[in-house]
Trainee: 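I'd like to ask you about the structure that follows.
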Amino acid sequence: MTATEALQAFLPDEQTAALVTSGVNRRYLSGFESSAGAVLVTKKRSILLLDFRYYEAASKRVQPPMEVVRFTRLIDDLNSIFLKENIKSVYIEDESVSVAKLHEFETAMIPQLLTDGLSQKLSEIRLIKTPDEVEKIITAQRITERAYNEVLNFLKPGVTERKIAVELEHLIKLYGGERIAFDLICITGANTSLPHGVPGERVVREGDFFTFDIGSVYEGYHSDMTRTVAVGSATDEMRMIYETVLEAHQKAQRAIIAGNTAADVDIAARDHIESCGYGEYFGHSTGHGVGLEIHEAPAVYKTCHTVLQDNMVITDEPGIYLPDKFGVRIEDMFLVRGDQPLDLAEIEKELVII
Ligand code: ZN
Ligand code: ZN
């Protein structure tokens with residue numbers, strides 16, 4: 001079943017439509033990226049509405065049965081379709097329509113607005129990746145890996161976090177990434193105890209950890225990986241914390257089984273870190289879904305009871321952060337595949353001393 005068919009199955013009857021206006025979900029349903037427009041889905045039709053800037057390119061690229069229609073004023077053109085198709089109510093994306101847009105829709109749109117359920121449904125449909133989506137995520141990951149392997153040559157005492165971050169971004173773009181997947185986290189020394197530290201002027205020193213949380217985007221799809229490496233040497237405490245995080249990562253990995261919940265994966269990592277006495281130093285969730293957005297459903301956290309199914313892509317990224325000392329995080333994306341998840345990264349996870 002295609003994503004559009006799944007959305008059509010969600011519609012209760014022929015007089016109800018779904019109006020998708022967020023950029024990410026328009027792209028998801030149509031395969032076409034644009035800065036404005038809408039996708040309207042009824043029981044029988046799916047229509048991509050675009051303005052003159054995009055119409056021609058989309059007419060050539062968008063695959064039937066999706067129709068491409070050029071609009072002049074979106075709401076007026078939508079209203080014509082609503083009248084023609086006898087649409088009485090329309091779902092809108094409750095999680096992305098602004099209050100201003102909602103007022104505009106309420107005032108000008110003919111059908112009754114349904115503001116509950118469409119965002120959730122699209123997020124659910126996006127949980128399961130097609131082979132083509134998985135391929136794009138893997139390509140994004142390979143681009144990151146190539147850049148990462150090369151940037152390790154720059155990682156020496158005296159170099160700044162900023163230099164490493166800038167080099168990585170440059171290499172990611174050079175090797176085919178359309179952009180970086182998020183502000184790259186390239187941090188060292190005591191900064192590594194900040195899970196979302198920002199690269200700055202801090203200089204790499206012998207005996208410090210360096211944390212890379214990095215990713216790229218390929219044809220709209222994101223990748224996400226974290227490695228923590230030691231520069232020159234590592235103390236026993238650094239090695240011990242590293243091993244604890246790696247074991248937590250591996251325990252979570254073994255829980256990535258179709259039929260388990262996302263919570264099972266989080267609990268596997270969290271229990272291990274807690275049993276080693278570091279529970280209070282692991283303050284974030286174990287992971288998240290990845291796809292057209294860097295963070296998407298499911299949340300890999302103890303309160304998320306989404307059942308894992310084949311072809312979901314989630315991260316496994318436990319960490320331990322000792323304030324003012326150092327932190328360790330290890331992250332890979334996994335494709336759910338029965339009871340043998342596929343690790344989408346090809347970079348070793350044992351402690352590397354550069
Ligand atoms: Zn990450
Ligand atoms: Zn992540």
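Everything quoted here is computed from the prediction, not taken from an experiment. Atoms within each ligand, like the ligands themselves, are counted from 1 in listed order.
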Trainee: Parallel, tilted or perpendicular for His288 and His295, by the 30°/60° rule?
Mentor: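 Taking His295 first and then His288, their aromatic rings stand perpendicular (interplane angle over 60°).
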Trainee: If you look at Glu331, which of its N/O/S atoms is nearest to the Zn ion (ligand 1)?
Mentor: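 Of all N, O or S atoms belonging to Glu331, OE1 is the one nearest the Zn ion (ligand 1).
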Trainee: Can you tell if the side chain of Val24 reaches within under 4.5 Å of the side chain of Arg126, non-hydrogen atoms only?
Mentor: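 A side-chain contact exists here, since the closest heavy-atom pair is under 4.5 Å.
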Trainee: Would you mind naming the N, O or S atom of Asp213 nearest to the Zn ion (ligand 1)?
Mentor: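 In Asp213, the heteroatom (N, O or S) nearest the Zn ion (ligand 1) is OD1.
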Trainee: Looking at the Zn ion (ligand 2), is there an N, O or S atom belonging to Asp224 that lies under 2.8 Å away from it?
Mentor: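 It does; at least one qualifying atom falls short of 2.8 Å.
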Trainee: Please determine, by modelled atom types, if Glu93 and Ser22 share a side-chain donor-acceptor pair under 3.5 angstrom.
Mentor: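 Present: a donor and an acceptor within the cut-off.
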Trainee: Report yes if some heavy atom in the side chain of Ile164 is under 4.5 Å from a heavy atom in the side chain of Pro199; otherwise report no.
Mentor: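 No, side chains not in contact.
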Trainee: Between Phe10 and Tyr91, what is the ring plane arrangement, given parallel below 30°, perpendicular above 60°, and tilted in between?
Mentor: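 Tilted.
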Trainee: If you consider just the N/O/S atoms, which atom of Glu317 is the closest one to the Zn ion (ligand 2)?
Mentor: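 Relative to the Zn ion (ligand 2), the closest nitrogen, oxygen or sulfur of Glu317 carries the name OE2.
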Trainee: Counting backbone and side chain alike, does His295 bring an N/O/S atom below 2.8 Å of the Zn ion (ligand 2)?
Mentor: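 So His295 does not count as coordinating the Zn ion (ligand 2).
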